[in-house]
There are 2 protein chains.
Amino acid sequence: MVQKKKEPGVVAKPEVSTEPKRRGRPRAYAPDVAIGQALALFRKGGFAATSLDDLSEVTGMNRPSLYGAFGDKRALYIKSYQRYRDDYTVKVLEIFKADIDIRERLRRFFDTALEIYLTGEEPRGCFTVMTVASDAIADPDIRELVYRGFADVDDAFGWCFRTAIKRGEMPDTVDVVALSQMASATLFSLSIRARAGVPRAELDVIVKGAIALVCGSTR
Amino acid sequence: MVQKKKEPGVVAKPEVSTEPKRRGRPRAYAPDVAIGQALALFRKGGFAATSLDDLSEVTGMNRPSLYGAFGDKRALYIKSYQRYRDDYTVKVLEIFKADIDIRERLRRFFDTALEIYLTGEEPRGCFTVMTVASDAIADPDIRELVYRGFADVDDAFGWCFRTAIKRGEMPDTVDVVALSQMASATLFSLSIRARAGVPRAELDVIVKGAIALVCGSTR
DNA sequence: CTTTTTTTGTACCATTTCGCATTAAATCCC
DNA sequence: GGGATTTAATGCGAAATGGTACAAAAAAAG
């Protein structure tokens with residue numbers, strides 16, 4: 001979820017401004033908008049249950065245009081997933097800049113995640129979890145992306161706890177890896193329960209309990 | 001995952017023994033075996049990505065027979081899911097009979113879960129999670145089953161911790177609900193990471209860390 | 001204005017999918 | 001053996017699906 005040192009390349013580079021005058025017929029769509037709409041649809045039903053017709057309808061692009069712009073369904077799914085991760089990353093990075101203690105940082109982290117998981121008319125959960133839980137995980141490329149997703153989240157939590165130790169909020173005897181794993185597990189739990197329809201109030205209880213357990217065990 | 005008092009109705013009642021001499025042409029399949037094969041296939045690809053032809057092939061039944069025996073694809077999915085839960089319940093119930101301390105009980109619980117999640121040539125993860133993460137969760141009946149699944153697991157862990165308190169292994173000041181939620185979250189995490197292909201050794205580390213955190217914080 | 005380039009939109013194709021109607025087979029009851 | 005009953009097997013059909021060919025359209029370049 002966060003890189004070691006360098007600021008990551010946020011979303012796609014904004015080459016939109018003053019486009020270099022393309023040659024042929026102008027596009028009737030904005031690629032990044034279309035990807036966002038495709039992502040929303042994939043997040044609803046997953047890979048297999050989302051048809052190209054559905055995607056064509058929601059993006060307003062007809063199938064040949066979809067194909068020409070993004071490639072086949074699999075390629076579009078991967079692009080959608082990368083978009084999801086980029087959006088997620090941008091939001092989480094905010095939390096790392098703030099000068100706050102571990103409890104507040106975790107609270108904001110989980111809140112941000114819930115905000116994403118509860119997106120849309122109905123809660124969608126985490127797209128990474130959806131991907132793993134589908135047949136898409138059989139694809140090596142997608143599997144690789146998912147692995148990076150796991151590692152980023154674990155690393156992000158690891159950074160949180162190491163920072164807390166440096167700030168003297170936790171003893172340096174705590175098991176950072178174990179704490180990070182528990183925080184990640186909480187994220188999974190929130191994602192799954194959110195998508196299943198568990199009301200926000202219950203999810204907030206889980207967040208509180210997790211923070212208390214993870215931070216409280218250190219004093 | 002476990003009922004309050006009564007022994008739950010294990011799998012399907014064994015009405016197989018000395019069947020009451022059916023009238024017409026005998027079945028060429030055993031319904032419970034076919035459900036098991038269907039479950040295995042659904043666990044691989046999920047609802048949408050699993051076709052009736054696939055199910056027909058794996059069960060050895062042709063489509064009309066499948067349809068006549070179990071109803072449409074949705075009905076077959078629900079029956080498969082119930083089978084999954086029944087199998088899970090049977091295994092977990094064993095753990096509750098044993099006279100062991102909380103650490104050992106949790107360890108066996110997680111081990112049993114991993115055994116299920118790692119089923120097959122490739123790890124399959126938890127079928128409940130797969131169901132939630134798919135479009136199947138839009139179905140009210142399926143959603144109801146999933147909710148019961150959540151509640152059963154939470155209750156099972158709750159029973160574990162309350163028993164530990166009674167046995168004097170934990171102070172009665174611990175937040176049983178929060179601990180149960182963390183244990184459930186660990187289960188989700190194991191399910192997702194297992195299906196994504198995380199090797200067993202890493203999963204065992206997560207189990208150890210979770211037990212240490214959940215039990216260790218009480219002393 | 002003509003050519004070139006790029007995208008759009010219509011139509012099409014091969015395959016898959018779900019479901020069912022119909023016929024053939026196997027067993028029991030009389 | 002003859003009829004009744006239940007299941008198996010073949011195959012049809014309508015719809016959906018992923019993907020593509022091809023011509024029309026819209027813009028820049030010459």
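Every chain is numbered from 1 and lettered A, B, ... according to where its sequence line falls, protein lines coming before strand lines. Everything numeric in this text was worked out from a predicted model, so none of it was measured.
Regarding Phe70(B), its CZ atom lies at a distance of 16 Å from the P atom of dC18(C), rounded to whole Å. Here the C1' atom of nucleotide dG19(D) and the CG atom of Leu76(A) are 14 Å apart, to the nearest Å. Rounded to whole Å, the distance from CD on Glu57(A) to C1' on dG9(C) is 16 Å. For the pair Leu55(B) CG and dC18(C) C1', the interatomic distance rounds to 12 Å; values are reported in whole Å. Atom CG of Asp53(B) is separated from atom C1' of dT10(D) by 14 Å (rounded to the nearest Å). Summarising the geometry, the separation between NZ on Lys73(A) and P on dT20(D) is reported as 14 Å, rounded to the nearest angstrom. The distance between atom CG of Asp72(A) and atom P of dG19(D), rounded to the nearest whole Å, is 5 Å. Here dC28(C) presents its P atom at 15 Å from CZ of Arg27(B), a figure rounded to the nearest Å.
A parallel orientation is assigned to the rings of Tyr84(B) and Tyr81(B), their planes being inclined by less than 30° (bins at 30° and 60°).
Atom CD of Glu104(B) sits in a crowded spot, with more than 12 heavy atoms from other residues, nucleotides or ligands closer than 6.0 Å.
At least one side-chain nitrogen or oxygen of Tyr67(B) sits closer than 4.0 Å to the OP1 or OP2 atom of dC20(C). Contact check, Ser65(B) against dA8(D): a side-chain N or O comes under 4.0 Å of OP1 or OP2. In terms of phosphate contacts, Asn62(B) brings a side-chain nitrogen or oxygen within less than 4.0 Å of OP1 or OP2 of dA9(D).
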Protein heavy-atom contacts under 4.0 Å, written 5' to 3' over nucleotides 22-30 of chain D as B (base), S (sugar-phosphate only) or - (none), form the string ---BBBSS-
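Although no hydrogens or angles enter the test, the distance criterion places a donor-acceptor pair under 3.5 Å between the side chain of Thr163(A) and the main chain of Trp159(A). Without hydrogens or angle criteria, Ser189(B) side chain to Ala185(B) main chain gives no donor-acceptor distance under 3.5 Å.
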Show me the side-chain donor-acceptor pairs of residues 46-56 of chain B shorter than 3.5 Å, one per line, residues at least two apart or across chains.
unit_1   : atom_1 : unit_2   : atom_2 : d
Thr50(B) : OG1    : Gly46(B) : O      : 2.6
Ser51(B) : OG     : Asp53(B) : N      : 3.4
Ser51(B) : OG     : Asp54(B) : N      : 3.1
Ser51(B) : OG     : Asp54(B) : OD1    : 3.4
Ser51(B) : OG     : Asp54(B) : OD2    : 3.0
Asp53(B) : OD1    : Arg63(B) : NH1    : 2.4
Asp54(B) : OD2    : Ser51(B) : N      : 3.2
Ser56(B) : OG     : Met61(B) : O      : 2.5

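For Arg195(A), there are no salt bridge (charged side-chain N to carboxylate O under 4.0 Å, His left out) partners, not counting sequence neighbours. Residues satisfying the salt bridge (charged side-chain N to carboxylate O under 4.0 Å, His left out) criterion with Lys208(B), sequence neighbours excluded, are absent altogether. Remark: Phe157(A) engages Phe109(A), Phe110(A) in a ring-ring contact (aromatic ring centres under 6.0 Å, His included) (not counting sequence neighbours).
Against DNA chain D, the stretch residues 40-52 of chain B makes no heavy-atom approach under 4.0 Å.
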